[in-house]
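Order of appearance sets the numbers: ligands from 1, and atoms from 1 within every ligand. In this text, all values refer to a predicted model and were calculated from it rather than measured experimentally.
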Amino acid sequence: MARTRAAFYDPDGVRYGLPTFWWRGAPPGYATRRQLRAAGLRPGGQPIAGQVMWRGVGGDRVAYLYRVDLARPKRTATPAQRAAVDKALRARRTCSTCGEVRWYYIPRSLGECLDCAP
Ligand SMILES: [Zn+2]
C-alpha cells in the first residue's frame with residue numbers, strides 16, 4: 001500500500017506534469033469537479049490544478065482537481081432571465097377574452113378562462 005501511494009505522490013508535478021496525489025491524499029483547497037458540484041460550485045474556467053490517482057479495478061484511475069478558491073458559484077438565472085420566465089408563465093395564465101390573470105393556466109382547447117368559456 002505504501003509503495004502504491006508513493007507511486008501516486010508527486011505534489012510538485014515532477015513525474016506527471018501536474019501536482020499528483022493519491023486518492024484522499026489531496027491537500028485541503030482542492031476538489032474534484034464532482035465535489036465542487038456537490039458544494040454548489042463549478043470550476044469557472046480555471047485550468048486543472050492537479051490530479052488524484054488511484055489503483056482501481058482494471059488499472060490506474062485519475063480524477064482532476066480544481067482549486068476551491070478559484071471556483072465560482074453555479075450559474076443561476078439573471079434577473080432579466082427570471083423576469084422573462086415570469087412573463088411567459090403569466091401570459092399562460094392570462095385570459096385573452098377578459099384579460100384577467102387566473103391562478104391556473106388557460107386551457108389551450110378553450111383559449112379563454114373557465115369563466116369566459118361557454
Ligand atoms: Zn376570461
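The backbone N or O of Leu114 sits less than 3.5 Å from a side-chain atom of Tyr104, completing a donor-acceptor pair. Panel note: side chain Arg102, backbone Thr94; no donor-acceptor pair is recorded below 3.5 Å.
In this structure, the side chain to side chain donor-acceptor pair (under 3.5 Å) partners of Arg33, at least two apart in sequence or on a different chain, are Tyr66.
Contact check for Asp60 versus Arg55: side-chain heavy atoms found under the 4.5 Å cut-off.
Connection of Trp22 to Ile48 is established within a shared hydrophobic cluster, with ILVMFWY side chains joined at heavy-atom distances below 4.5 Å, either directly or through further cluster members.
Only protein N, O or S atoms were scored, and 4 of them lie under 2.8 Å from the Zn ion (ligand 1).
Across Thr20, Asp12, Val14, a single residue satisfies side-chain contact (heavy atoms from CB on, under 4.5 Å) together with Tyr16, and that is Thr20.
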